2 protein chains.
Amino acid sequence: MYDELKYWYIRDHKLFRTLSMSQIKQLCIITGFKKATKGEIIYFSSSDLPRIFLLKKGHIKIVTVDEEGNETIKDIIQKGDLFGELTLETDNQVNEYAKALSDDVTICSFLMSDFEDLLLRNPSLALSYTKFVGLKLKRIRNSYSNLIFKDARTRLHQFLKDWAESEGIKTENKVVIENYLTQNDIAQIICTSRQTTTHLLNEMEENELLQYNRKEISIPDIRKL
Amino acid sequence: MYDELKYWYIRDHKLFRTLSMSQIKQLCIITGFKKATKGEIIYFSSSDLPRIFLLKKGHIKIVTVDEEGNETIKDIIQKGDLFGELTLETDNQVNEYAKALSDDVTICSFLMSDFEDLLLRNPSLALSYTKFVGLKLKRIRNSYSNLIFKDARTRLHQFLKDWAESEGIKTENKVVIENYLTQNDIAQIICTSRQTTTHLLNEMEENELLQYNRKEISIPDIRKL
DNA sequence: CTGTCATTGTAAACTAACTGACAATTAGTG
DNA sequence: CACTAATTGTCAGTTAGTTTACAATGACAG
């Protein structure tokens, strides 16, 4: 029964919809599970064999730490996202780890080598996967080019729009986002200081562009951003 | 005889080494060629069927133009690089084009649909291609995260290091780079103003970290950057 | 209910980098 | 070879955003 659950977890991802049960089994025999609560650090066990991860539930951030111990956010992973070495190449960057942002994080993983075997046997899956990585590439490139050229205000607006787009619950033009990020997190994502972010958020609240609190962000009219 | 040349052009790319002659033919029947000289604009003919491009010779930059007509450099493509829609998804962003940076630009291209067919029939090629796209993703992510957090000076240093690494001719610790970029191009790549770039380059020349001219950049000791 | 820690709010001094404006130099073309 | 356009050099004024520092608020554990 527990085994059944495992399969379902993987099968649920749109990338794996085309797979047969036996192919899923091939991956899942070695599937690892992990649960985490808020603030918990999840290492990409570099000692272990390289793995690909799939976030089933919750939110996590991928973080790197530089020589001086400064955390920088590399990516925010949402439910349904694949992460880890998408290049299918092993990389021994030890100073990179994931951190749970919500209390109900569930991750499953499988060996990269098994995944590669599967791709070789299933060209259409390989094609889907390539498109998936390509899409990720495009998303990252776009968000970065937004980040770099515009000022902090525009960057915050753009970030909120993107966030609302991908996760917000929309009714008419009003959008409500579950806020699992601190202002400091947001600051890091849009590459500005915590103070500037606080300032801008308060400014937007004064102009009635949004209501901010630690649980949720509510945007009365998304078109005005 | 001309046909033979065509095949060779594609076969030369490391991605295609594993292909049989007939598979190459399948791609090449519809291969398009293009030559360009410095400054020439090459459109990703959006009216035409979507294509994948391979830069055989020279250097080009991928550029987007925003509403106000400002050019921003999205990518620099070097000899041997594949470019175009790596996502294998059509995208109707018309405000994106390529511009030749050197006088001897040669591009060949093939239809995306043909490429997809080939990937489906050739799983190991699909896997290689996936890794290729993944690598591109990693490269872009790294270069961006370098760009964003550091100041202009560090960014320029990092850029020069990367450039020297990928294209420079190294003897001992001295590196010579063929300079096909203007200071304005460099400024756009490292996201700063043209004046700041000029200032920093001159500063580095004073400190004998490099010698700059329009033809080449010579770095006496790459470790000092 | 209270103490503690994380998060958010606010302000002043400081600085890197941008903008605009113009001059000097170099490359390419007829 | 001279003319033109592109590239590079230089400067002063301005500004967005950082830094430092501390206060206020909220959340959570015992």
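None of the values given here were measured: they were computed from a predicted structure. Naming convention: chains lettered A, B, ... in sequence-line order (proteins, then strands); numbering from 1 in each chain.
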Rounded distance in Å - [atom1] ([X]) to [atom2] ([N]):
{"X": "A:Arg155", "N": "D:dA16", "atom1": "CZ", "atom2": "P", "answer": "13 Å"}
{"X": "B:Leu201", "N": "D:dG9", "atom1": "CG", "atom2": "P", "answer": "8 Å"}
{"X": "B:Asn184", "N": "D:dA5", "atom1": "CG", "atom2": "P", "answer": "18 Å"}
{"X": "B:Glu205", "N": "D:dT10", "atom1": "CD", "atom2": "P", "answer": "11 Å"}
{"X": "A:Arg153", "N": "D:dT15", "atom1": "CZ", "atom2": "C1'", "answer": "13 Å"}
{"X": "B:Met204", "N": "D:dG9", "atom1": "CE", "atom2": "C1'", "answer": "17 Å"}
{"X": "B:Gln211", "N": "D:dT8", "atom1": "CD", "atom2": "C1'", "answer": "17 Å"}
{"X": "A:Lys215", "N": "D:dT25", "atom1": "NZ", "atom2": "P", "answer": "20 Å"}

Answer whether the closest heavy-atom distance between the side chains of B:Leu160 and B:Leu209 falls below 4.5 Å.
no
Non-hydrogen side-chain atoms of A:Tyr180 and A:Glu167 separated by less than 4.5 Å:
yes
Can you tell me whether the side chain of A:Gln195 and the base of D:dT20 have a donor-acceptor pair closer than 3.5 Å?
yes
Report yes if a donor N or O on one partner sits less than 3.5 Å from an acceptor N or O on the other, where the partners are the side chain of B:Arg194 and the base of D:dG9; otherwise report no.
yes
Less than 4.0 Å between a side-chain N and a carboxylate O, is that true for B:Glu203 and B:Arg153?
yes
If the threshold is 4.0 Å, N to carboxylate O, is there a salt bridge linking A:Lys224 and A:Glu208?
no
When all nucleic acid strands are considered with a 4.0 Å heavy-atom cut-off, which category describes A:Thr182: base, sugar-phosphate, or nothing?
sugar-phosphate
Going through the checks in order, is the salt bridge (Lys or Arg N to Asp or Glu O under 4.0 Å) test met by A:Lys61 and A:Asp185?
CA-CA 9 Å; A:Lys61 57 179 177 184; A:Asp185 286 332; 2.8 Å; yes
If each end axis of the helix from C:dC1-D:dG30 to C:dG30-D:dC1 is fitted on five C1' pair positions, the angle between them, to 10 degrees, is 50°
I want to know whether B:Phe53 and B:Phe110 have ring centres closer than 6.0 Å.
no
Any donor-acceptor N or O pair under 3.5 Å, side chains B:Gln183, B:Thr198
yes
Any side-chain donor paired with an acceptor under 3.5 Å for A:Asn202 and A:Glu206?
no
Assuming nearest nucleotide by heavy-atom distance, tell me which of B:Asn213 and A:Thr196 is located more 5' along DNA chain D.
B:Asn213
Start at the 5' end of DNA chain D and walk down; is the nucleotide closest to A:Leu200 or to A:Arg214 reached first?
A:Leu200
Quick check on DNA chain C: between B:Lys38 and B:Ser193, whose nearest nucleotide comes earlier from the 5' end?
B:Ser193
What heavy-atom pair brings B:Leu55 and B:His59 nearest, and what distance separates the two atoms?
CD2-CA, 4.1 Å
Positional range of nucleotides in DNA chain C within the contact set of chain B, heavy-atom, under 4.0 Å
C:dA17 to C:dA27
